[in-house]
Amino acid sequence: MAKNFLKTSRLDQFLETLRLFGELHAPTISESGVHGFAPLDDPADLNLDYRRTQIPPKKYLLPFREEILQCAGGKYREGNSGAGDMVLFGVHSCDLEGIAYLDRVFLSDPVDPGYSARRARLTLVGISCVPDDYCFCPEEMTSTACDLFLGASAEGFHLSCYSTRGRALLAAAEHLLEEGAPLPAATCSGPCFPPQDPDLRFSDHPLWQKFASTCVSCGACSVCCPTCYCFDVREYPGLAGGGTRIREWDNCLFATHGEVAGANFRPDRLDRLRYRFLHKYCGFTPLQGTSSCVGCGRCKAVCPVDIDLRELTVAPKRVQP
Ligand code: SF4
Ligand code: SF4
């Protein structure tokens, strides 16, 4: 039998072993009760009893704001892609699938150099979770989109590795492991939100208006979405010549998002809501072969007016003209 079982009592030692592979980040909880991934200097700060962090792990691969180009003295210098090796521990399957989705976008031709450099230095250690009412995912979803995955049980964790780096982690921690029962076959999540009726994109049914009548365009649903990656690029000239080009998160719920050359393609909230929905569930699917919703439930959990896109799956058929 393979040595792939870690007793809970050895978790702290296991975390120390992970530090050999890079700076360790893990789920923690702030004083105000907000769950988030953060550097784990003290294992006592680890908080595995979470459903979803407020901000998903995309923050490590797509910084909220980054300098991508600098020009000085007629010379151009690309931005620094950031820190060194990092191990992200305790990532749920939906967020692993979210990163797998971003990989599709930023690692295909043309490869994004900053994302690619950060991704190459990131080791992912996933962990099983228990869905709550906000989750869209099937129960016991397990993602293989990581280096190592920990399936939690009452006594400890069953470890499965899915990459060369995962095997290296397992080898480094071998002295902490014992023989465990065979693991159940991993099941990959894929898209979680049921495919939509294609007619919905042309529909005029009342749910759009209902959502738009309460949406406050705060953009929280997009900020918190693990697969939303809209960005804006701005250039700031320097007083002594040259300048800086930065990239920062943008948000399709904001009124400014649709502004192009003085026109605005989506001036109304209804248009912006519908655009986000269609882009996420219908527009990406033919391009990437999957919906870009991984079912994390953050958009509903953070929405201040409780908009729940799942209502659309049980929406009445569109009104015929
Ligand atoms: S649309 Fe909502 S449930 Fe789906 S991945 Fe984004 S935040 Fe999560
Ligand atoms: S979180 Fe809710 S209120 Fe805010 S933009 Fe999204 S749908 Fe609108």
Side-chain angles (χ1 to χ4, degrees), residues 25-27 35-37 48 50-62 86-108 112 115-116 118-120 122-152 159-163 165-166 183-196 221-230 276-277 279-302 309-310 313:
H25 288 235
H35 292 278
F37 287 101
L48 289 181
Y50 81 104
R51 294 295 166 273
R52 60 190 64 74
T53 55
Q54 189 173 67
I55 302 295
K58 71 178 178 184
K59 68 179 182 178
Y60 291 112
L61 295 165
L62 291 172
M86 180 185 293
V87 179
L88 191 55
F89 174 81
V91 188
H92 290 167
S93 290
C94 53
D95 280 341
L96 293 173
E97 291 297 321
I99 291 173
Y101 189 87
L102 295 178
D103 286 352
R104 275 193 180 94
V105 175
F106 287 94
L107 299 183
S108 5
D112 184 89
Y115 183 98
S116 169
R118 287 183 285 267
R119 184 68 181 90
L122 181 64
T123 299
L124 290 172
V125 181
I127 196 162
S128 56
C129 62
V130 181
D132 66 7
D133 287 347
Y134 291 115
C135 297
F136 299 8
C137 63
E139 283 206 30
E140 296 175 17
M141 173 173 92
T142 303
S143 172
T144 57
C146 57
D147 298 292
L148 198 63
F149 192 87
L150 277 61
L159 276 56
S160 309
C161 60
Y162 297 110
S163 71
R165 202 177 294 178
L183 288 173
T187 50
C188 186
S189 63
C192 300
F193 201 72
Q196 294 304 302
C221 51
S222 173
V223 168
C224 294
C225 179
T227 61
C228 275
Y229 60 83
C230 278
R276 179 169 189 271
F277 174 83
H279 200 195
K280 187 156 287 292
Y281 300 106
C282 303
F284 275 123
T285 306
L287 285 176
Q288 302 291 345
T290 179
S291 141
S292 69
C293 175
V294 294
C296 71
R298 284 185 179 89
C299 54
K300 175 163 165 50
V302 300
L309 289 179
R310 286 174 298 183
T313 61

| message | How long is the straight-line distance from CG of Leu88 back to OH of Tyr60, given to the nearest 0.5 Å? | response | 5.5 Å
| task | Please name the pair of heavy atoms, one in His92 and one in Tyr50, separated by the smallest distance, quoted to 0.1 Å. | result | CE1-O, 3.0 Å
| said: Is the ring pair Tyr115/Phe106 parallel, tilted or perpendicular, if the boundaries are 30 and 60 degrees? | reply: parallel
| Taking every non-hydrogen atom, the tightest pair across Ser143 and Ala145 | OG-N, 3.0 Å
| field | CA sep, side-chain torsions, deciding dist, call: Asp147, Ser163, side chain to side chain donor-acceptor pair (under 3.5 Å) | value | CA-CA 5 Å; Asp147 298 292; Ser163 71; 2.6 Å; yes
| Does Arg104 reach the main-chain N or O of Ile99 with its side chain, forming a donor-acceptor pair under 3.5 Å? | no
| task | Please assess His25 against Met86 for the test side-chain contact (heavy atoms from CB on, under 4.5 Å), listing each intermediate value before the final yes or no. | result | CA-CA 7 Å; His25 288 235; Met86 180 185 293; 3.8 Å; yes
| query | What are the two closest heavy atoms between Arg119 and Leu107, and how far apart are they? | reply | CG-CD1, 4.2 Å
| Does Cys296 have any side chain to side chain contact (heavy atoms under 4.5 Å, CB included) partners at least two apart in sequence or in another chain, and if so, which? | Cys94, Pro226, Arg298
| When you look at Arg52 and Cys129, which way does the side-chain contact (heavy atoms from CB on, under 4.5 Å) test go after all the steps? | CA-CA 10 Å; Arg52 60 190 64 74; Cys129 62; over 6 Å; no
| field | Contacts of Cys228 that satisfy side chain to side chain contact (heavy atoms under 4.5 Å, CB included) - sequence neighbours left out | value | Lys58, Ser222, Cys225, Arg276, Lys280
| task | Could you pull out the closest heavy-atom pair between Pro57 and Val91, with the gap in Å? | result | CG-CG1, 4.2 Å
| task | Any chance you could measure Phe149, atom CZ, to Ser93, atom OG, to the nearest 0.5 Å? | result | 3.5 Å
| Within 6.0 angstrom of Asp132 CG, more than 12 heavy atoms from elsewhere | yes
| query | Out of curiosity, Leu62 CG to Asp112 CG, how far, rounded to the nearest 0.5 Å? | reply | 7.5 Å
| field | Flag, side chain of Lys59 to backbone of Phe37, donor-acceptor distance under 3.5 Å | value | yes
| task | Give, for atom CD1 of Ile127 and atom CG of Asp95, the distance between the pair rounded to the nearest 0.5 Å. | result | 13.0 Å
| Of the non-hydrogen atoms in Leu48 and Gly90, which two are nearest, and what is the gap between them? | CD2-CA, 4.4 Å
| message | Please find the pair of heavy atoms, one from Tyr101 and one from Ser292, that lie closest to each other, and give the distance. | response | CZ-CB, 3.3 Å
| note | dist Leu124:CG -> Leu122:CG (nearest 0.5 Å) comes out at 4.5 Å
